Q: 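For reference, the structure I am asking about is given below.
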Amino acid sequence: MISQVFILSSQGDHLIYKDFRGEAGSDVVSVFYEKVTALTGDQPPVVMSHGDLHFVHVRQGGLYWVATTTSPGSSPFTIIEFLNRFSALVKDYCGSLSEKSVQMNFALIYELLDEVVDYGYIQTTSSDVLKNFIQTEAVSSKPFSLFDLSNVGFFGAETQQSKVAPSSAASRPIQSSREQGGRSEIFLDVIERMSVVIGSKGVVLKADVEGEVRVKCFMPSCSEMRIGLNEEFSIGKSQLRGYGAAVRVDECRFHQNVHLDEFHSNRVLRLCPSQGEQTVMQYQLSDDLPSAPPFRLFPTIERDSGGRLLMYLKLRCDLPSKRFVVISALSQELSSPDQSAELKLQNRAIDWKIPRFIGGTQLSALFKTSSPPPHPSPPPPPVGPVVLVFELPQLTVSGLQIRFLRLSPVQPAPSQRWIRYVTHSDSYILRL
Amino acid sequence: MPYLGSEDAVRELRRALSNPNVQSDQLRYRNTVLKAIRAMSQGVDVSDLFSEMVKACATVDIVQKKLVYVFLCSYATLNPELSLLVINTLRKDCQDPNPMVRSLALRNMTNLRLPSLVEYVEQPLAAGLRDRAACVRRVAVLGWAKLHNLQPDAEIDAAVVNELYGLLRDPDPVVMVNCLRALEEILKKEGGVAINKPITHHLLNRLKESDVWGQCEVLRILQRYHPQSEDELFDILSLLDASLVSPHPPVMAATLGLFLGLCSGLPAVSLAALERVRGPLLAACGSTSRETRFTALCHIQLLLRSLPGLMGAHYKRFFCGYAEPAYIKQRKMQVLVELVNDENVAMLLDELKGYCTDVNPETAQAAISAIGRIGRSYSDRCLEILTGLLGLKQEHITSAVVQTMCDLVWVCPQCSDTVCSALEGCEEMLQDSQGRQALLWLLAAYGERVSSAPYTLEGFIDRVRSEASLGVKMELLTTTMRLFLCRPSETQDMLGRLLHYCIEEEMDMCVRDQALLYYRLLHCGIEETHKVLHGQRSDPSLGVLIGRPAEPINQWAYSFNTLEPLRQAGVETEPASRGSPEHVTFDPKPNTDLSDTLNCSQIEKVNLGSDGASGFTCSSAKVLAPLSLSLSPALSPEEFEHLWMQRHAEQGAEKLEEEEEDYVCLEERIQFPAIPPCSPQSLQAAMQLVNIQTLAFTPPHTLPWRVYLYTHTHHAHYGSTLVIGELLYIGEASRRVAAVKKGMEDGDVVEGEQEAGLSGRALVRKDGREEEVEVTLKQQPRDDNALKGFLSILTTVLHTLSSESS
């Protein structure tokens, strides 16, 4: 049972405030902001209390999404999941999630809240139901950009680029498709997050992959969709792996609307996607990755007689040649001109930025700390781990591929289907 | 946040809203309304626009209507008279052919929260219940709940309640769930909606139609249902099995909550359910939303209390990610400490060692104390890491390491050698008061083994004038005194200086009093001083309790899936700290004269035969369901004595009216063969583990042997009570004598009740060869269930202890 819902910007500006039950005054918004900013680093902020009012909040898009409740017996899972779902709905309807977009679309958000929650009880969060009720149109905050024009060829001819969806294509309001003649598009994203720990001797200590298949649908009325996964996809350790490179995951969970009758025979998922974004399948794989981790580091660390630290880092990318964006913390003296590095004293880290990294190649960097250590006597502190933050487009670590994406019956209007793969680093740690 | 010039803005808006030109242009009108709402949500007080907004409500533009309603609902309570004007428009909208308009009008009519409007609302609401469109029915059902809460004292309309019960069979699942919610609120005084067998099965059968939120609600309400037979129970459980592994964490949590509630008498089934949710919970721990991760971690901590081995194989999932916030990292470390075993200890310590040099000092400290906790079972490896960390010469790390060592030595005295050698030279690095206090305590306890101790102390004493922390000064006094006892020649001079400073110059009364106390103590001679000051420096009995026994699920099941686990600072609080020796040395003098009046009253006598113990714990499992014990507010020995004596006096005077009293007294005997060998320390440690505070003991091997203790029980429904109690063991031989003696006394003081009790005891003595402890408990206010629950916890502790020592 939710008493109030409000959205605050990170500076504490009131963006949205709605009271469902009249159990507390609107001054609690300021109380919340005071409390949340007064917390020290190690205090858990998720649930806070003020009198008999409990604040539960999540951070999404740099905003505080807060729900208050008066009953301590409320389920935290439900409230947090609701706030996440609500922010996802706002994202679907407004196109993106930022202070600006929330400010511009506040009328739409009030309308959404009104339909989603009544008297503190969650009614529905399904975009299929909501689309019948939401009347306000989203105001898109996209600035005019010349870059958009570059996609249009001379005299409107189709260029090579127009066949590739720009990365921002999916961040637009779902409602606009209704009026603008419907660019009926479907985006199918396979997103994987890696968390890897590699020990100082190059031994992989931990390697986890959390993946999900996400559908973002802009079709006003969608018929059935069939998604074909790799045929040799298997779940669990017990199943036979065959001869080929099977794609194996430890655990796999599906959205409740997914029909699995063809899954066991042909590895086909059937579903009727609703408008907006939804996660069709989540899977997870630990320890036993099909391939070696994508990056390896060969460090040499020396200290000269003056107590200066010399670090020579060689980073190798073990992937088939493709492009990568790699931003790694730690490390000057770069091997190629388009990299950059800066020392961040606050985090006691060196930020080494590599705009693109070709697979199968090797990059190196040499760093020297020149300030002599303040105390000559104590041994110098150990150098912390190297953390890689990267995004690998067009690649899944687990090997999961989408064989096909079919809509049946075939849509009369030209529909565009995009399949995208990306692997993020959740936490890629290389110990020195 | 009020903006400057808001009055001008409101005036401007009012002019625009009442401008006929604006009103005739739909788009301009809507935009002006929009501006007003924007000002409202930014915190500007726009209540002056109310009458203009009432006019703006009568429009065909639905978007504008919705906006105006947002405004009206926020300000209606400030303008009850003007709100009457809106009702007409709203009632007209309730007749609109468009169901969306009807539901909108109905919802906002009930959201105005004005008791004066109730009479106008009832009729449209009643019609709404029978509307063709499901969306109108959804709103109408909840509308009745809103109406009821507006006038909580009004009589409940039985016809409406009946209709709501009927609508549980509505084809729309949201209407069904809303009916449950509305009935729950309307019938709150009667304990909520009636959950009987047909309703339960109806709800369960339709569970799959609802979305996530509806399922959670239904599962929550079903917790009140008690299946009539075991077959029915298992039918329900197998129906719910799929939800238990639902990919949606709210459904999974609600289902597990229901499982634990239904199976409170079947621990094996509950444990199996916990095993089932391992997968979904682990998945929630890896969720992209960090708040979900945190919630899952907190609940995993709960589960681990009953099933410590649950996550053992998955310890790597709890390794901290680089970018995770500090509060998640700390929870993960708390979980990691629980998961440690012989196979993974090397990996785990390696990982934790990496966190010790974290940029965030709080994370580093948490990692260091986590290593200290593991050190209780794997002391050598952990000490190696800890002494290695001292070599880094970082302020916050050194401080955390010294504090951790201090805690570790208290539990594992065998570590003291390593700790003593590591202590040399770290006082320069200690800047914060906790770290210095810990160092001083260590010097006090092991001063004779640290060669540089006097020099370290000298440094402290030289700087005492500029010392800001009260705690450090107090600790410094004690440490110097204790060091003086073992190394008098080196410390005499500095002790004199310190005492002089503290008595003559110190402004703080506590420090001065303490110094005066020590000064006078020294006058009494060295023997006396030694007796007073020579406290314990370790508590090895805690070491035995490291591998804690699994708690019954009932201990935490009531708080599962509530906000409570997320609010606690951490489930794993230290069971004992260095502060405890004071309690152990507390002299139980005031209680010696209590013994003669002890068994004057009793309300309940439960005799446990030689095989009764196991039966008792089984039956109590149901009773004790949601019971938790805590030590706060603390009870001082004086207060305890006062309460204990007071109860006796009252009982003597009015023992006939015991039933009316707000407290209760209970006597019980528990088989406990291991009293004589059981050391007070281990007993105290064991009691503290379950949050029972022992206040006083007689020394072991003396007869009669007594322990006085207290605790507070907290019950989810009945509030909290204070329980004070006494354990009495008079020994085999002396008991016989005592019984005979008392029997004789009873002849004089005629008390039928006690006669019965005594004969009961005599019986037990005849057939039971085992020794027994008499437990006398007093409770205030009276709560039989809590008392029984407490008794069973106590019984379990005593049995655990006796099995361990034998």
Side-chain angles (χ1 to χ4, degrees), chain A residues 13-17 22 41-47 49 54 58 72-78 80-82 84 106-107 110-111 114 118-119 121-124 126 133 135-136 195 197 205-206 208 210 251 253-255 282 284 286-287 347-348 375 378-379 381-382 384-385 387 426-427 429 431, chain B residues 1 34 37-38 41-43 62-63 66-67 70 100 107 113 138-139 142 145-146 174 178 181 211-213 216-217 220 247-250 253-254 279 283 286 289 291-292 294-295 316-317 319 321-323 326-327 330 347 354 357 359-360 362-363 366 391-394 561-564 566-567:
Chain A
D13 299 325
H14 304 187
L15 300 178
I16 299 286
Y17 167 79
D42 57 335
Q43 281 171 300
V46 180
V47 173
S49 303
H54 308 282
V58 305
S74 314
S75 159
F77 283 109
T78 310
I80 288 171
E81 180 91 354
F82 164 71
N84 282 329
F106 74 97
Y110 273 123
E111 200 181 348
D114 212 29
D118 191 9
Y119 203 46
Y121 295 110
I122 305 164
Q123 300 292 302
T124 177
S126 140
F133 292 94
Q135 302 280 322
T136 317
S195 55
V197 180
L205 299 177
K206 172 198 171 179
D208 276 358
E210 308 252 355
E251 266 176 69
R253 291 173 304 279
F254 300 94
H255 191 274
Q282 289 168 288
Q284 162 256 313
S286 45
D287 276 342
N347 299 338
R348 289 189 279 153
H375 306 292
V387 177
D426 196 22
S427 164
I429 298 174
R431 296 234 184 95
Chain B
M1 206 177 299
L34 202 63
I37 312 284
R38 185 191 297 269
S41 64
Q42 283 170 347
I62 292 189
V63 176
K66 285 186 174 179
L67 287 172
V70 170
M100 194 172 22
R107 179 161 58 223
R113 293 198 207 113
R138 292 174 187 176
V139 173
L142 278 185
K146 297 180 200 173
V174 181
N178 278 356
R181 294 160 163 165
D211 60 357
V212 175
W213 321 111
C216 293
E217 200 76 42
R220 190 179 62 84
H248 304 285
S289 153
E291 288 82 11
T292 310
F294 178 69
T295 315
K316 282 184 185 174
R317 302 291 290 275
F319 283 6
Y322 169 68
Y327 63 90
Q330 294 193 358
M347 275 288 277
T357 46
V359 182
N360 182 342
E362 279 109 7
T363 308
L392 295 179
K393 304 275 176 198
Q394 296 278 319
N561 201 15
T562 67
L563 299 181
E564 199 176 312
L566 280 80
R567 249 180 319 160

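By convention in this document, chain letters (A, B, ...) are assigned in the order of the sequence lines, proteins followed by strands, and residues within each chain are numbered from 1. All values reported here derive from a predicted model rather than from experimental measurement.
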Q: Between A/Asp114 and B/Arg107 (salt bridge meaning N to carboxylate O under 4.0 Å), is one present in this structure?
A: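 Result for this pair is yes, salt bridge flagged.
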Q: Is A/Ser75 close to B/Thr562 at the side-chain level, that is, under 4.5 Å between some pair of heavy atoms?
A: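 Counting from C-beta outward, B/Thr562 and A/Ser75 never come under 4.5 Å.
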Q: Are side-chain heavy atoms of B/Glu564 and A/Val47 found at a separation under 4.5 Å?
A: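 The answer is no; the side chains never approach within 4.5 Å.
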Q: Look at A/Asp208 together with B/Arg317 and state whether they make a salt bridge at an N to O cut-off of under 4.0 Å.
A: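 Salt bridge flag = yes for B/Arg317 with A/Asp208.
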Q: Which atoms of B/Ile62 come close to chain A, meaning under 4.5 Å heavy atom to heavy atom: side chain ones, backbone ones, both, or neither?
A: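 It is the side chain, since no backbone atom gets that close.
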Q: Using only atom types and a distance under 3.5 Å, with no angle test, would you say the side chain of A/Lys206 pairs donor to acceptor with the backbone of B/Lys316?
A: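 Yes.
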Q: A/Phe254 versus chain B, heavy atoms under 4.5 Å apart: side chain, backbone, both or neither?
A: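 It is the backbone, since no side chain atom gets that close.
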Q: Answer yes or no: is there a side-chain heavy-atom contact under 4.5 Å between B/Tyr327 and A/Val46?
A: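 A side-chain contact exists here, since the closest heavy-atom pair is under 4.5 Å.
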Q: Quick one: of B/Met347, B/Arg138, B/Arg113, who has the most non-hydrogen atom pairs under 4.5 Å with chain A?
A: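 Top count of heavy-atom pairs under 4.5 Å with chain A: B/Arg113.
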Q: Give the member of B/Lys66, B/Met100, B/Arg38 that has the highest number of heavy-atom pairs under 4.5 Å with chain A.
A: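 With the most close heavy-atom pairs to chain A, the winner is B/Arg38.
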Q: Report the option among B/Val174, B/Thr295, B/Val212, B/Ile37 that has the most heavy-atom pairs separated by less than 4.5 Å from atoms of chain A.
A: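 Of B/Val174, B/Thr295, B/Val212, B/Ile37, B/Thr295 has the most heavy-atom pairs under 4.5 Å with chain A.
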Q: So, for B/Pro249 and A/Phe77, which heavy atoms are closest and what is the spacing to 0.1 Å?
A: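 In this case the closest contact between B/Pro249 and A/Phe77 is CB-CD2, 3.7 Å.
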Q: Between A/Pro44 and B/Leu566, what is the shortest heavy-atom contact and its length?
A: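 Distance-wise, the nearest heavy atoms are CG-O, 4.4 Å.
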Q: Under a 4.5 Å heavy-atom cut-off, does chain A meet the side chain of B/Phe319, its backbone, both or neither?
A: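 B/Phe319 touches chain A through backbone and side-chain heavy atoms alike.
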Q: The test is side-chain contact (heavy atoms from CB on, under 4.5 Å); show your working for B/Val70 and A/Glu111 and say whether it passes.
A: CA-CA 9 Å; B/Val70 170; A/Glu111 200 181 348; over 6 Å; no
Q: Grab the two heavy atoms, one from B/Leu142 and one from A/Asp118, that are nearest each other, plus how far apart they are.
A: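 Nearest heavy atoms, B/Leu142 then A/Asp118: CD1-O, 3.5 Å.
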Q: Is there a side-chain contact between A/Tyr110 and B/Leu67 in this structure, where contact means two heavy atoms from C-beta onward sitting under 4.5 Å apart?
A: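 With C-beta onward as the side chain, the pair stays apart.
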Q: Using heavy-atom distances under 4.5 Å, tell me whether B/Ala366 contacts chain A through its side chain, its backbone, both, or neither.
A: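 No part of B/Ala366 comes within 4.5 Å of chain A.
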